[in-house]
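Within every chain, numbering begins at 1; the chains are lettered A, B, ... in the order of the sequence lines, protein sequences first and strands thereafter.
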There are 2 protein chains.
Amino acid sequence: MQRKSFDTMQCPIARSLERVGEWWSILILRDCFQGLTRFDEFEKSLGIAPNMLTRRLNNLIEAGLLDRRQYRERPPRFEYVLTDRARDFQPVLVALLVWGNKHFAPEGASVVIVNRETGERADPILVDRASGLPLSDPIFTTTAGPAADAEIRGRYCPTGPEEMSPD
Amino acid sequence: MQRKSFDTMQCPIARSLERVGEWWSILILRDCFQGLTRFDEFEKSLGIAPNMLTRRLNNLIEAGLLDRRQYRERPPRFEYVLTDRARDFQPVLVALLVWGNKHFAPEGASVVIVNRETGERADPILVDRASGLPLSDPIFTTTAGPAADAEIRGRYCPTGPEEMSPD
DNA sequence: CTCAGTTGCTTTCATCATGAAAGCGATATA
DNA sequence: TATATCGCTTTCATGATGAAAGCAACTGAG
């Protein structure tokens, strides 16, 4: 039974998940950020079945997140490298790491982000670039943007001048 | 064939994904952040099969991300509300939204975060709380933390004093 | 030279996940 | 009374999944 696609949704979160939301995909990207490039490296790091790894790598290539680069002719051998688009995924990984360290690490932080020069541990926080205010501030709200379709507008303006049922 | 658990991994990202990494789970959390609480609301919003929704809701409850609250006795009826742990997931959602708007929205931003008072659109960025430096700065690096086990240490210090093979 | 090991996949197979659809019990409304 | 709605549960056929075997090509040791 094929998984239902999120691609019919306009929500940007849904669109992101359409490309990275399968089991294993985000962990593969994590490993790419760690510098792994080869099939056997991913396989060893993740303990993933080869057929699943092949499948996920191909989907990430299809999504424009990985490039496949031949590093050997005989036999043909490829490595997998992050695209610029994938590099912009880093904040998601950082946010997952912070959340995991806070809530699912009773033994303490096993992975941290540090300042190379001072050795100090970083404490990541999401802020608004212009005002410097943390995004957790109640002053911020999520709403329909300029390109929103009827469904998204209905979602975020349910009591607006035109009552729309989400569909 | 049961999906392979990430719970044997110490990586905080893997631990986060163990709890939210199934198809639909993050979108359910998105909807909870939007104020949806009832079964039929999620069902309508997502277009998800009822048996899958039940399953995912139960897994999110099990993971301590949702609480089930009875709002009616006859028949027994429940709504689903975010726990504090789940509220801390917001930065992940924001990061996914920003990434999706940038890379997968040729028509422009359909969902945005705005300042309620000024109406100005927020531009989220991940910074280090202490120094204010963006996490994308090359000065930052990811490394093994104080609670790291041998596998994680091998992952992040492959050329350290003790060469360890990741396992 | 042969043989064994390694790499990077592909193929096979049995089991579980998945979504569509029907079903159920309880309630509310006409 | 009948019909609609809600919140699930059950059924069923199809695709995903992981374990394991397989394959071709290479490398290195004896």
Side-chain angles (χ1 to χ4, degrees), chain A residues 1-9 14 17-28 31-32 36-62 66-81 165-167, chain B residues 1-9 14 17-28 31-32 36-62 66-81 165-167:
Chain A
M1 185 91 261
Q2 210 157 354
R3 211 167 274 140
K4 192 160 188 170
S5 172
F6 297 151
D7 238 355
T8 54
M9 305 178 186
L17 292 173
E18 179 68 21
R19 290 147 178 97
V20 301
E22 290 181 310
W23 198 254
W24 294 116
S25 298
I26 294 178
L27 282 186
I28 292 171
D31 280 0
C32 293
L36 276 57
T37 57
R38 295 183 179 190
F39 196 93
D40 73 315
E41 288 179 324
F42 295 119
E43 196 182 350
K44 278 212 231 42
S45 163
L46 298 164
I48 183 173
N51 59 337
M52 292 316 303
L53 180 54
T54 301
R55 199 175 180 153
R56 291 291 183 273
L57 287 171
N58 287 339
N59 286 349
L60 290 169
I61 288 161
E62 181 79 26
L66 293 186
D67 278 329
R68 204 165 177 245
R69 199 161 61 182
Q70 190 161 9
Y71 68 90
R72 184 181 230 183
E73 282 246 348
R74 301 213 22 230
R77 289 285 182 250
F78 303 92
E79 54 189 9
Y80 301 86
V81 298
S165 53
D167 70 87
Chain B
M1 185 91 261
Q2 208 154 358
R3 210 169 273 140
K4 191 160 189 174
S5 174
F6 297 151
D7 238 355
T8 56
M9 305 178 187
L17 292 172
E18 180 67 22
R19 290 143 179 98
V20 300
E22 290 182 310
W23 199 254
W24 294 117
S25 296
I26 294 179
L27 283 187
I28 292 170
D31 281 0
C32 291
L36 277 56
T37 57
R38 294 182 180 190
F39 196 93
D40 73 315
E41 288 179 323
F42 295 120
E43 196 182 348
K44 279 214 231 39
S45 162
L46 297 166
I48 184 174
N51 60 336
M52 292 316 304
L53 180 55
T54 300
R55 200 174 176 152
R56 291 291 182 274
L57 288 172
N58 287 338
N59 286 348
L60 291 170
I61 288 161
E62 181 77 25
L66 293 185
D67 277 330
R68 205 166 179 244
R69 199 162 60 183
Q70 190 161 12
Y71 69 88
R72 185 181 230 181
E73 282 246 349
R74 300 213 22 228
R77 290 283 183 251
F78 302 92
E79 54 189 10
Y80 301 86
V81 298
S165 52
D167 71 272

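Between the side chain of B:Arg77 and the base of D:dC6, a donor-acceptor pair under 3.5 Å is found. For B:Arg74 against C:dT27, no side-chain N or O and base N or O form a donor-acceptor pair under 3.5 Å.
The nearest whole Å value for the distance from the NZ atom in A:Lys4 to the C1' atom in C:dA21 is 12 Å. Following rounding to the nearest Å, A:Arg72 (CZ) and C:dG8 (P) show an atom-to-atom distance of 8 Å. Rounded to whole Å, the distance from CD on A:Gln70 to C1' on C:dC9 is 14 Å. A straight line from CZ of B:Arg38 to C1' of C:dT27 spans 14 Å, rounded to a whole angstrom. One interatomic measurement links the two molecules: CD of B:Glu22 to C1' of D:dA16, which rounds to 13 Å at whole-angstrom precision. One can place CG of B:Leu46 at 13 Å from P of C:dA20, the figure rounded to the nearest angstrom. Counting to the nearest Å, the C1' atom of D:dG7 and the CZ atom of B:Phe39 are 6 Å from each other. Remark: P of D:dC8 and CG of B:Asp40 are 10 Å apart, rounded to the nearest angstrom.
Between A:Arg3 and A:Glu22, at least one side-chain N (NZ, or NE/NH1/NH2) sits under 4.0 Å from a carboxylate O, which counts as a salt bridge.
Among the nucleotides C:dG8, C:dA26, C:dG19, the one closest to the side chain of B:Pro75 is C:dA26.
Among the protein residues, A:Tyr80 comes within range of the sugar-phosphate backbone only, with heavy atoms under 4.0 Å from sugar or phosphate atoms but none that close to a base. Counting any heavy atom pair closer than 4.0 Å across all strands shown, A:Arg3 reaches sugar-phosphate atoms only and no base atom.
Dashed line: the shortest gap from a side-chain N or O of A:Trp24 to OP1 or OP2 of D:dG18 is under 4.0 Å.
DNA chain D is contacted by both A:Trp23 and A:Glu73; A:Trp23 maps to the nucleotide lying nearer its 5′ end (nearest heavy atom per residue). Taking for each of A:Glu43 and A:Gln2 the nucleotide of DNA chain C with the nearest heavy atom, the 5'-most of the two is the partner of A:Glu43.
For A:Gln70, the CD atom counts as densely surrounded, since its 6.0 Å shell holds more than 12 non-hydrogen atoms of other residues, nucleotides or ligands.
Of the residues in residues 48-60 of chain A, those lying under 4.0 Å from DNA chain D by heavy-atom distance are A:Ala49, A:Asn51, A:Met52, A:Arg55, A:Arg56.
Inter-residue side-chain proximity for B:Trp24 and A:Lys4 is flagged as met; some heavy-atom pair is nearer than 4.5 Å.
Cation-pi contact between B:Arg56 and B:Phe42: absent, since separation from the ring centre below 6.0 Å together with deviation from the ring axis within 45° is not met.
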